[in-house]
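The next block holds one structure in the form of structure tokens; read it before the comments.
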Amino acid sequence: MRREYPNEVAMDPSGFLLLADFIPQIVQEIRYYSTYNFVGDRIDGYEEPCAILTKEAARALKSVSNEMIVKGYRLKIFDAYRPVSAVKHFILWGIEDQDIRMKPYFYPNLEKQELFAKGYIAKQSSHSRGSTVDLTLLDMKTGKELDMGGPFDYFEELSHPDYRGITDEQYHNRMLLRTSMIRNGFEPFECEWWHFTLKNEPYPETYFAFPVSSEYLRR
């Protein structure tokens with residue numbers, strides 16, 4: 001554990017909160033609780049399909065949510081806090097050469113090992129520090145996700161935020177989300193249009209290992 005996580009690893013969830021309690025307007029589709037993800041199994045550490053963030057990141061995200069609601073959109077969360085055990089699950093999956101069940105859906109043009117080398121999957125994830133969130137926008141009129149030109153966790157150049165091989169509308173939708181997130185204190189990630197980390201995150205050197213569980217959080 002210390003080899004992959006040389007910084008502090010903590011179990012204390014007191015600086016975190018449930019997004020559903022703090023931002024009830026959000027929609028959640030926690031992919032790593034389900035089997036519809038690039039691994040194809042529920043990921044270790046995801047005991048409930050709930051989004052958890054540090055209090056500071058949640059406050060910033062609430063400002064984004066309020067801004068988007070005025071414009072007719074709701075936030076849809078795919079992932080937020082991710083325990084260290086989940087990242088270890090990803091690493092072990094990467095070592096297992098035979099398991100490529102989800103390759104056609106999430107990484108059709110790359111080999112598994114390339115996902116780590118190209119930065120799509122991190123061996124030490126900012127999500128485990130608790131202030132990173134993966135999200136998109138829902139149109140409140142249609143109830144559908146905005147067309148971002150590519151799906152969540154699609155590991156390809158298509159997912160880079162500045163990729164221009166998409167329509168103007170798709171690019172505009174990406175920039176709508178990106179602009180609001182940056183304005184409210186988040187930093188984007190160069191490989192994934194859906195991925196943002198709070199710039200002034202409260203635990204920049206700490207990686208957390210408590211499970212994704214509302215029960216654990218409320219102890």
Side-chain angles (χ1 to χ4, degrees), residues 18-20 22-39 43 46 49-54 57-82 86 102 105-108 115 119-122 125-127 130-199 212:
L18 284 171
L19 280 185
F22 192 68
I23 317 175
Q25 299 86 358
I26 66 169
V27 176
Q28 300 186 43
E29 184 185 337
I30 307 302
R31 288 286 187 86
Y32 300 136
Y33 179 81
S34 76
T35 59
Y36 183 52
N37 56 61
F38 63 86
V39 174
I43 304 304
Y46 285 80
C50 59
I52 296 170
L53 277 180
T54 62
R59 292 189 193 105
L61 194 65
K62 189 169 188 175
S63 296
V64 177
S65 177
N66 291 341
E67 187 176 300
M68 288 295 101
I69 286 173
V70 170
K71 295 180 179 181
Y73 306 105
R74 295 174 70 181
L75 304 184
K76 181 174 182 178
I77 310 297
F78 295 117
D79 194 35
Y81 162 69
R82 179 185 305 164
M102 306 304 284
Y105 311 103
F106 293 96
Y107 53 105
L115 303 181
Y120 293 110
I121 305 175
S125 175
S126 62
H127 281 276
S131 295
T132 294
V133 61
D134 295 336
L135 77 169
T136 191
L137 296 172
L138 282 181
D139 187 324
M140 288 198 289
K141 289 183 179 179
T142 66
K144 297 180 179 179
E145 293 180 24
L146 291 193
D147 185 354
M148 297 292 188
F152 167 68
D153 263 3
Y154 187 76
F155 302 131
E156 184 63 72
E157 186 181 358
L158 171 69
S159 295
H160 294 196
D162 58 355
Y163 181 71
R164 292 313 305 261
I166 54 178
T167 69
D168 289 343
E169 180 182 0
Q170 291 165 340
Y171 184 78
H172 169 79
N173 291 340
R174 291 186 181 191
M175 293 303 107
L176 178 66
L177 174 62
R178 179 188 177 97
T179 300
S180 182
M181 292 294 284
I182 292 174
R183 181 163 47 238
N184 288 285
F186 289 89
E187 290 185 319
F189 180 50
E190 63 181 8
C191 292
E192 300 168 348
W193 60 258
W194 56 81
H195 178 119
F196 298 88
T197 299
L198 187 67
K199 185 175 183 178
V212 176

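FYI, the numbering just counts along the sequence from 1.
Of all heavy-atom pairs spanning Ala58 and Leu19, the tightest one is CB-CD2, 3.8 Å. A pairwise comparison of heavy atoms in Ala51 and Ala80 identifies CB-CB, 4.1 Å as the closest pair. In terms of heavy-atom proximity, His195 sits nearest to Thr197 at NE2-OG1, 3.8 Å.
Every residue meeting the side chain to side chain donor-acceptor pair (under 3.5 Å) condition with Thr54, not counting sequence neighbours, appears here in chain and number order: Ser131. A search for side chain to side chain donor-acceptor pair (under 3.5 Å) contacts involving Tyr73 returns nothing, not counting sequence neighbours. With sequence neighbours left out, the side chain to side chain donor-acceptor pair (under 3.5 Å) criterion links Lys76 to Glu29, Glu145. Under the salt bridge (Lys or Arg N to Asp or Glu O under 4.0 Å) criterion, Arg174 pairs with no residue at all, not counting sequence neighbours. Every side-chain contact (heavy atoms from CB on, under 4.5 Å) that Asn37 has, sequence neighbours left out, goes to Tyr32, Val39, Ile43.
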Exercise. Given the rule in the side-chain contact (heavy atoms from CB on, under 4.5 Å) test, do Leu177 and Leu135 qualify, once you have shown the distances and angles that lead to the verdict?
Worked result: CA-CA 9 Å; Leu177 174 62; Leu135 77 169; 4.1 Å; yes

For this session: Evaluate the side-chain contact (heavy atoms from CB on, under 4.5 Å) criterion for residues Tyr46 and Ile30: first the C-alpha distance (whole Å), next the side-chain angles of each, then the deciding distance (0.1 Å), finally the verdict.
Result: CA-CA 9 Å; Tyr46 285 80; Ile30 307 302; 4.0 Å; yes

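Using a 4.5 Å heavy-atom threshold, the side chains of Ile182 and Lys199 count as separate.
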Report all side-chain donor-acceptor pairs from residues 155-164 shorter than 3.5 Å, counting only partners two or more places apart or in another chain.
unit_1 : atom_1 : unit_2 : atom_2 : d
Glu156 : OE1    : Asn109 : ND2    : 2.8
Ser159 : OG     : Tyr154 : O      : 2.4
His160 : NE2    : Tyr120 : OH     : 3.0

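Side chains of Asp153 and Tyr36: no donor on one and acceptor on the other come within 3.5 Å.
Sparse packing is recorded around NZ of Lys141, with 12 or fewer heavy atoms of other residues, nucleotides or ligands lying under 6.0 Å away. When the shell of 6.0 Å around CD of Glu169 is examined, it contains 12 or fewer heavy atoms from other residues, nucleotides or ligands.
Between the Asp79 side chain and the Asp134 main chain, no donor and acceptor come within less than 3.5 Å of each other.
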